[in-house]
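What follows is one structure encoded as structure tokens, with my remarks underneath.
Remember, predicted model here, so these are calculated numbers, not experimental data. We're numbering straight along the sequence, starting at 1.
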Amino acid sequence: MTTWSQEQQNEQERIDQVIDKLSEATAKLQDHLGGKLADVVQVRKNFWSDVTVNLDNVDDAIETAASIKQQSELLSEIERSHTSAETRIKTYEKLKGSPYFGRIDFKEEGEDESEKVYLGIASYYDDATSRFLVHDWRAPISSLYYDHSLGSANFRAPSGTVKGDLELKRQFIIKNGQIQGMFDTGEAIGDELLQQVLGKHANTQMKSIVATIQKEQNAIIRNTSSDLLVVQGAAGCGKTSAALQRVAYLLYRDRETLQSHHIVLFSPNNMFNSYVANVLPELGEENMEQTTFQAYIDHHLVRDFSVETPFEQMEELLSGSGDSHRIEGIKFKASVPFLEAIHRYVEKLSESGMQFSDIKFRDKVLIRSKQISEHFYSLDKRETIPYRMKKTSAWILEELKKIERRERKKPWVEKEIQLLDKNVYTKLYHKLQERNKYGENSFNDLASEQKVLSAYVARLAFKPLRNRIEKFVFVDMKSLYAKLFQKNNKLIEDLSLWSGICNETLFNLKQNHLSNEDATPFLYLKELLIGFQTNAAVRHVFIDEAQDFSLFQFAFIQRIFPRANLTVLGDLNQSIYAHASDEAFSRLRNLLGKKNPETITLTRSYRSTKEIVEFTRSLLQDGNTIVPFNRSGEKPSVVRVKDAEEHIDQTEKQLNGWIKEGHETVAVICRSAKESKKVYEKLKSKIDVRLMINEDAAFQKGIIVIPSYLAKGIEFDAVVIYDASGYQQESERKLFYTVCTRAMHELTVLESGKPCPFIKEASEHLYETV
């Protein structure tokens with residue numbers, strides 16, 4: 001037996017021992033769990049029999065309260081112990097399949113022997129030997145595995161920096177408790193391990209990358225000093241995966257004070273949310289709050305407007321129906337100058353110009369807008385507008401109380417009384433009989449009865465109006481926003497197409513429609529006037545695909561979460577929306593007022609084969625900064641087809657070939673949803689294929705037809721770009737690059753008309769022409 005074979009046998013024996021200990025620990029926990037469950041049932045069953053209830057005097061009542069509290073605390077403690085045992089069992093079950101993925105031998109300065117440290121997705125402490133048999137990948141000493149090559153090394157522990165020598169770095173691939181691969185390396189993460197991991201098929205859910213975290217990714221994960229961390233990363237560089245590991249690391253590091261609901265992730269769409277939903281649970285952590293910016297917008301605006309989504313906007317622009325003033329309007333309404341114009345506008349509104357609506361009840365005006373305006377501007381102008389709004393709301397509510405009392409005598413009230421449900425009448429009767437014990441009103445005569453019922457009916461009728469006043473619906477937000485688009489508005493600098501922008505915006509507002517570019521500014525203005533609905537409990541906000549966010553949206557998020565640190569992840573080369581700005585990331589520090597910003601740039605792409613990365617980077621004007629990982633594959637194919645029929649035939653042929661080769665996630669990426677529907681209709685009778693144009697759909701294995709903008713953020717084993725001839729404008733260069741970078745192993749590009757100019761610019765040796 002060779003020395004290496006003996007080493008592998010020794011390592012397998014250790015794995016077997018660890019799995020045995022995990023099995024023993026699991027069995028003990030399960031016994032403990034059964035006992036705790038029985039305890040919970042018993043305590044709940046006998047809860048009141050074990051409590052002394054005596055309310056005869058104050059001392060007895062206090063003793064009763066203490067007894068109840070004691071029993072409640074006992075029950076809570078048993079339930080916590082039960083939950084903890086369940087969590088540990090789940091963790092141990094995961095570890096039994098693959099207890100760890102790495103080993104480091106580290107000799108600390110001043111020590112004679114090195115310490116063998118095995119790294120896994122969670123730690124396991126053996127009580128019998130008083131040793132950690134597995135260290136959590138997030139533990140301070142584990143950073144040696146990711147950050148250092150062999151030789152002098154150090155890590156930061158709670159007690160300070162620990163120095164020494166890293167003598168061994170070993171990497172494992174373990175499945176079902178058996179070593180499938182074992183490598184010693186002097187590098188942070190050896191290429192052999194990466195080759196095996198990256199060569200696998202894509203999955204319907206993103207997986208944890210803790211075994212293959214690179215040094216630059218580890219810097220993202222363990223960063224705790226920056227209140228603004230910006231990650232600019234090439235397609236396939238692992239920035240999203242690193243961000244999710246960062247969430248897991250923060251939850252581990254600050255576990256005494258930080259919980260998953262203190263962290264919010266803004267992702268590009270709900271399909272992406274489902275794609276990444278398994279990463280944290282795989283590491284034994286609860287998922288953070290996941291949402292989209294559009295979901296937040298819809299929650300606040302869809303009751304009053306039809307609101308265009310980013311994908312609807314994109315679809316219109318790709319179809320060519322968006323004219324030049326629409327595109328300029330999109331860019332302007334996402335800009336800092338427009339943000340500043342809104343702030344100047346609000347300053348003017350502090351002095352004059354607020355727009356209010358009449359307060360109406362049963363088609364009758366109770367308080368005129370002019371009266372509301374006079375009251376608002378009678379308040380101290382040194383106070384903020386939101387404070388004056390609250391004071392105005394309180395004044396309106398007081399006025400409504402007076403009006404409500406007068407309304408009690410109106411004929412409509414008497415009619416409503418006659419229609420009262422018998423149960424309501426009976427409930428009121430018993431309630432007033434109870435009051436009568438204390439000498440209050442009761443149904444002791446007809447006049448009293450009428451008075452009580454009138455008050456009840458009037459109060460019930462006015463309740464919806466009161467609720468609306470508390471929500472500031474008396475502010476005419478539509479008119480206030482429309483005033484920004486008066487053609488003679490001096491708040492806004494001259495734009496060449498300002499007249500067209502104004503006309504389109506005002507037309508949409510009259511239709512109670514908010515375009516996507518208007519939604520954020522409209523809500524921002526509203527919040528400036530009535531007060532931002534902030535969430536101070538959130539400590540960390542993650543924004544993925546951040547190149548799709550405007551500076552305006554960043555400013556809005558900062559207002560919503562004033563205490564949160566921001567982690568911003570994006571790739572400016574994948575900026576596919578009309579409002580995108582290449583300087584967005586560089587201006588974030590000044591815009592958000594952050595004190596400790598840091599930018600990390602990731603240039604190495606791991607997702608795709610070397611051949612695909614070399615092709616896709618050639619589509620960009622400055623793509624040479626992107627470095628491919630050395631995983632070889634086939635060159636991308638560019639296929640010329642004659643007509644629509646051949647287009648479908650070639651697509652079908654390619655898809656069938658890939659499925660036979662074993663590819664599990666295959667995409668036909670079309671330019672738009674409209675084109676996707678047409679292609680799907682032609683393919684569905686020939687091959688098993690699904691159409692995915694709904695952002696809420698879950699990502700599944702198989703062949704899907706999907707529009708370009710919805711595919712962003714997801715990876716596939718193999719990709720057909722249905723018709724590259726559709727990408728002709730310079731503004732679509734980054735969109736074309738983005739769709740091509742979705743492919744991990746195989747990429748075929750079809751052309752049926754005018755050649756794609758971006759492919760023509762690429763060197764012919766980078767792809768095969770068919």
Side-chain angles (χ1 to χ4, degrees), residues 83 87 90-91 121-122 136-140 205-210 213 217-231 233 238-297 299 532-546 548-549 553-570 588 592 594-600 713:
T83 302
T87 301
K90 289 178 182 177
T91 300
I121 63 168
D136 193 297
W137 67 277
R138 296 165 290 187
Q205 289 194 310
M206 182 178 284
K207 296 297 183 182
S208 163
I209 61 163
V210 293
I213 292 169
Q217 294 168 336
N218 201 41
I220 297 167
I221 292 166
R222 295 176 187 257
N223 181 296
T224 57
S225 60
S226 301
D227 54 5
L228 171 62
L229 178 60
V230 177
V231 181
K239 54 185 176 292
T240 299
S241 297
L244 294 171
Q245 317 303 316
R246 172 168 167 75
V247 173
Y249 174 75
L250 292 170
L251 289 170
Y252 172 85
R253 178 184 180 272
D254 301 326
R255 53 191 175 277
E256 298 299 324
T257 58
L258 187 69
Q259 295 179 338
S260 57
H261 63 267
H262 295 143
I263 304 174
V264 173
L265 167 68
F266 282 95
S267 56
N269 54 62
N270 290 327
M271 184 172 70
F272 183 85
N273 280 339
S274 71
Y275 179 57
V276 303
N278 199 48
V279 174
L280 288 175
E282 195 177 87
L283 298 172
E285 301 288 355
E286 289 185 10
N287 259 324
M288 65 280 175
E289 299 293 325
Q290 293 178 236
T291 188
T292 65
F293 192 81
Q294 187 64 32
Y296 184 89
I297 292 291
H299 177 71
F532 275 85
Q533 299 180 42
T534 60
N535 186 332
V538 170
R539 303 255 303 278
H540 292 274
V541 171
F542 287 72
I543 303 174
D544 203 1
E545 299 293 341
D548 295 339
F549 282 67
Q553 289 171 319
F554 283 121
F556 190 82
I557 290 173
Q558 171 79 351
R559 289 271 191 163
I560 301 170
F561 305 105
R563 293 185 55 202
N565 291 344
L566 263 64
T567 301
V568 175
L569 314 142
L588 277 181
L592 303 180
K594 295 296 187 180
K595 297 178 181 178
N596 299 302
E598 183 173 349
T599 299
I600 296 176

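The minimum heavy-atom distance between Thr91 and Ala122, with the atom names listed, is CG2-CB, 3.4 Å. Listed here is the closest heavy atom pair of Ser260 and Asn287: CB-O, 3.4 Å. Between Arg138 and Arg222, the shortest heavy-atom contact is O-NH1, 3.4 Å. The minimum heavy-atom distance between Asp227 and Lys595, with the atom names listed, is OD2-N, 3.0 Å. Annotation for Ser267 and Thr292: closest pair O-CG2, 3.5 Å, computed over non-hydrogen atoms.
At distances below 3.5 Å, at least one donor-acceptor pair connects side-chain atoms of Arg255 with backbone N or O atoms of Tyr252. Listed for the His299 side chain is no donor-acceptor partner under 3.5 Å among the backbone atoms of Tyr296.
By the 4.5 Å heavy-atom criterion applied to side chains, Leu229 and Ile600 are counted as neighbours. Residues Leu265 and Val247 have side chains not in contact (no heavy-atom distance under 4.5 Å, counting atoms from C-beta outward). Contact annotation: the side chain of His540 approaches that of Leu258 to within less than 4.5 Å [non-hydrogen atoms, C-beta and beyond]. You'll find the side chain of Ile543 stays beyond 4.5 Å of the side chain of Gln553, heavy atoms only.
Here CG of Leu280 is found 5.0 Å from CE of Met288. Values are rounded to the nearest 0.5 Å. Expressed to the nearest 0.5 Å, how far CD of Glu286 lies from OG1 of Thr87 amounts to 8.5 Å. Interatomic distance, Asn270 CG to Thr291 OG1, rounded to the nearest 0.5 Å: 7.5 Å. Note that the CZ atom of Arg539 and the CZ atom of Arg563 stand 7.0 Å from one another [nearest 0.5 Å]. Atom CD1 in Ile220 sits 11.0 Å away from atom OG in Ser226 (nearest 0.5 Å). With values rounded to the nearest 0.5 angstrom, Asn223 atom CG is found 9.5 Å from Tyr249 atom OH.
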Practice problem: Decide yes or no on side-chain contact (heavy atoms from CB on, under 4.5 Å) for Gln558 and Lys594, but give the supporting numbers first. | Solution: CA-CA 10 Å; Gln558 171 79 351; Lys594 295 296 187 180; 3.5 Å; yes
Quiz prompt | Intermediate values then yes/no, side-chain contact (heavy atoms from CB on, under 4.5 Å), Ile213 and Trp137 | solution = CA-CA 10 Å; Ile213 292 169; Trp137 67 277; 3.8 Å; yes
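At least one test fails for Arg559 against the ring of Phe556: distance under 6.0 Å to the centre or angle within 45° of the axis.
Residues Thr240 and Asp544 bring a donor and an acceptor atom of their side chains to less than 3.5 Å of each other.
Aromatic ring orientation, Phe266 versus Phe293: tilted (interplanar angle from 30° to 60°).
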